[in-house]
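All residue numbers in this chain count up from 1 along the given sequence. Computed from a predicted model, the values in this text were never measured in an experiment.
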Amino acid sequence: MSGDGARFGERRIEFDGGIKGETIEIATANPLNYHQVVSASRSLPKATIDGQLFRPRGQGRLPCIVIVPGSLGVADSHVAHARTLTQLGFAAFVVDPFGARNVTSTVADQTQYSFAASAYDVLATYRTLAARDDIDAGRIGAQGHSRGGSAVLTAATRRFADAVIGPSRGLRAVYAAYPWCGHQFLDPGVGATIVRCVIGDRDEWCLPQQVQGHVQAIRLAGGDASLEIFPAAHHSFDRETSIELIKDASVSPGAPTVYLSSEGAFVHPLSGESDARLVDRDLMVYALKAGYGRTGARIGSQPGQAEAFRKDMERFWIGALSEAPAVR
């Protein structure tokens with residue numbers, strides 16, 4: 001991938017076999033919170049983002065996987081995953097949520113745009129790809145990393161997805177890599193969407209126990225959900241780069257989970273009351289004042305961990321998208 005400073009959609013990327021990236025614009029939105037999406041969608045501020053579609057040539061309507069980056073934006077590892085997926089015969093779309101929003105990183109401030117907007121981006125991308133003649137609309141999945149992992153889990157949740165794309169449509173499967181699960185719907189049902197979460201037991205950004213709880217809640221709601229905890233693995237253990245400390249990372253993995261009502265309103269952890277006026281920043285300020293916040297967290301991988309991730313990713317997507325979708 002070129003490192004010329006251009007936005008991701010402007011970069012010229014080509015994989016083996018002459019697979020070139022096609023830049024596609026996505027009509028999305030910048031909601032203030034989940035409630036605005038679920039219960040007040042007429043007031044959603046519109047936005048446009050973009051990304052690149054990588055599609056193996058001459059193979060008809062293909063299943064497609066949307067790759068959603070985390071707080072550092074699109075990285076070489078995300079493009080490498082797209083390359084791997086095209087080698088398996090899938091189309092892959094790497095979305096860039098940051099460039100059009102003039103955001104370079106959210107590691108120091110996750111409130112530059114809402115987590116609801118991140119999830120909306122995923123479903124807006126689904127809607128755009130599903131309308132294409134060369135993509136199999138019934139076999140579109142999403143793979144999110146860190147903040148992107150949170151986004152794909154929310155996008156799979158029917159309480160949110162129904163409000164954006166309707167009850168009869170949705171992602172076939174989601175692969176949430178080391179996701180932040182600090183926001184969860186009280187009704188976490190995902191319908192027919194297959195869910196897979198992976199996280200390292202040394203993750204300093206996201207709490208493995210919180211991911212465990214989210215996966216179990218999906219299972220109890222009737223969903224097909226699985227979890228793999230990788231031993232001695234840090235955050236972003238698929239990057240195939242040495243472990244490094246991101247000094248300005250602002251994290252609070254031990255803070256209480258914030259639940260969302262059926263209407264999409266945050267339920268404050270202290271009062272237990274839902275409030276449609278609450279936004280991400282309100283809950284993050286609460287976490288800081290309660291003493292959960294700290295600065296500095298590690299990312300990267302040790303030998304063999306990136307390869308283990310890749311194998312798990314390949315196995316999941318081959319199983320999830322190589323068969324006809326279930327009736328939703």
Does Arg298 reach the main-chain N or O of His234 with its side chain, forming a donor-acceptor pair under 3.5 Å? no

In terms of the angle between their ring planes, are Phe309 and His145 parallel, tilted or perpendicular, with boundaries placed at 30° and 60°? tilted

Does a side-chain heavy-atom distance below 4.5 Å link Asp248 with Ile246? yes

Assess whether a salt bridge exists between Arg11 and Asp96, defined as any Lys/Arg side-chain N lying under 4.0 Å from an Asp/Glu carboxylate O. no

Tell me, with the steps shown, if Gln216 and Leu227 meet side chain to side chain contact (heavy atoms under 4.5 Å, CB included). CA-CA 9 Å; Gln216 182 65 1; Leu227 167 67; over 6 Å; no

Within 45 degrees of the ring normal and closer than 6.0 Å to the centroid, is that where the cationic atom of Arg83 sits relative to Phe54? no

Non-hydrogen side-chain atoms of Pro167 and Asp162 separated by less than 4.5 Å: yes

Spacing of CZ belonging to Arg239 relative to CD1 belonging to Ile299, to within rounding of 0.5 Å: 4.0 Å

Val164 side chain reached by Arg127 side chain, heavy atoms, under 4.5 Å: yes

Just by modelled atom types, is the Ser77 backbone N or O under 3.5 Å from a matching donor or acceptor in the Asp238 side chain? no

Run the side-chain hydrogen bond (donor to acceptor under 3.5 Å, both in side chains) test on Asp50 and Thr23 for me, step by step, so that the C-alpha distance in whole Å, both residues' side-chain angles and the decisive distance to 0.1 Å come before the verdict. CA-CA 7 Å; Asp50 56 34; Thr23 299; over 6 Å; no

Residue pair Leu88 / Trp317, side-chain heavy-atom distance below 4.5 Å: no

Shared ILVMFWY cluster between Ile13 and Phe90, side chains joined below 4.5 angstrom? yes

Within the structure provided, determine whether Pro256 and Tyr292 are in side-chain contact (heavy-atom separation under 4.5 Å). yes

Taking all atoms of both residues into account, what is the closest heavy-atom pair of Val66 and Leu129, and its distance? CG2-CD1, 3.6 Å

So how far is it from Ile243 CD1 to Arg202 CZ, rounded to the nearest 0.5 Å? 8.5 Å

Please examine the side chains of Gln143 and His78, heavy atoms only from C-beta on, and report whether any two atoms are closer than 4.5 Å. no

Can Arg147 be said to sit on top of Tyr113's aromatic six-ring, NZ or CZ under 6.0 Å from centre and within 45° of the ring axis? yes

Please tell me whether Tyr259 and Leu283 are part of a single hydrophobic cluster in this structure, the criterion being side-chain heavy atoms less than 4.5 Å apart. no

Taken to the nearest 0.5 Å, the spacing of Ile135 CD1 from Thr128 OG1 works out to 11.5 Å

Which is it for Leu85 and Ile67 under the side chain to side chain contact (heavy atoms under 4.5 Å, CB included) test, yes or no, and what are the steps along the way? CA-CA 10 Å; Leu85 293 170; Ile67 298 175; 4.0 Å; yes

Checking Asp136 against Arg172 for the side chain to side chain contact (heavy atoms under 4.5 Å, CB included) test, could you report, in this order, the C-alpha distance in whole Å, the side-chain angles of both residues, the deciding distance, and whether it holds? CA-CA 11 Å; Asp136 184 345; Arg172 173 61 180 146; over 6 Å; no

Are Val107 and Val68 co-members of a hydrophobic cluster defined by side-chain heavy atoms under 4.5 Å apart? no

Residue pair Phe230 / Gln305, side-chain heavy-atom distance below 4.5 Å: no

What's the spacing between Leu53 CG and Arg132 CZ if we round to 0.5 Å? 5.0 Å

Donor-acceptor pair, side chain of Arg139 and main chain of Leu321, under 3.5 angstrom: yes

Between the side chains of Arg310 and Glu240, is the shortest nitrogen-to-carboxylate-oxygen separation below 4.0 Å, so that they form an ion pair? no

Any donor-acceptor pair under 3.5 Å linking the side chain of Ser118 with the backbone of Ala151? no

Return the minimal non-hydrogen interatomic distance between Ser146 and His235, and the atom names on each side. OG-NE2, 2.8 Å

What I want to check is whether the side chains of Gln110 and Trp180 have a donor and an acceptor closer together than 3.5 Å. no

Output, in order, the C-alpha distance, side-chain angles, deciding distance and verdict of side chain to side chain contact (heavy atoms under 4.5 Å, CB included) for Ile24 and Ile26. CA-CA 7 Å; Ile24 299 173; Ile26 307 295; 4.2 Å; yes

Whether Thr193 side chain and Leu171 backbone form a donor-acceptor pair below 3.5 Å: yes

Which atom names give the shortest non-hydrogen contact between Ile49 and Ala100, and what distance separates them? CA-CB, 4.0 Å

Distance-only, no hydrogens or angles: does the Gln112 side chain make a donor-acceptor pair with backbone N or O of Val103 under 3.5 Å? no

With distance as the sole criterion, is a donor-acceptor pair present between the side chains of Tyr34 and His183 under 3.5 Å? yes

Is Thr157 reaching over with its side chain to a backbone N or O of Arg159, donor-acceptor style, under 3.5 angstrom? no

Quick check on Glu25: does its CD atom have over 12 non-hydrogen neighbours (other residues, nucleotides or ligands) under 6.0 Å away? no

Strictly by modelled atom types, are Ser43 and Gln36 linked by a side-chain donor-acceptor pair under 3.5 Å? yes

Does some side-chain heavy atom of Ile65 sit less than 4.5 Å from a side-chain heavy atom of His81? no

Heavy-atom closest pair (Ala249 atom, Trp205 atom, distance to 0.1 Å) is CB-CH2, 3.4 Å

Can you name the nearest heavy-atom pair linking Ser261 to Val267, along with the distance? N-CG2, 4.1 Å

Any side-chain donor-acceptor pair under 3.5 Å between Ser262 and Asp187? no

Do you reckon Val198 sits in the same ILVMFWY cluster as Ile318, going by side-chain contacts under 4.5 Å, direct or chained? yes

Counting neighbours of CZ on Arg61 that are heavy atoms of other residues, nucleotides or ligands and sit closer than 6.0 Å, is the number greater than 12? yes

Quick check: does any side chain N or O of Arg294 sit under 3.5 Å from a backbone N or O of Gly296, one acting as donor and the other as acceptor? yes

So, taking the atom named OG1 in Thr111 and the one named CG in Asp282, what distance separates them when rounded to the nearest 0.5 Å? 10.0 Å

Rounded distance (nearest 0.5 Å) linking atom CZ of Phe98 with atom CG of Leu72: 7.5 Å

Mind checking whether Phe115 and Leu153 sit in one hydrophobic cluster, side chains of I, L, V, M, F, W, Y counted as touching below 4.5 Å? yes

Check: Asn33 side chain, Leu278 main-chain N or O, donor-acceptor pair, under 3.5 Å: yes

Smallest separation among heavy atoms of Thr257 and Pro269, with atom names: O-CG, 4.3 Å

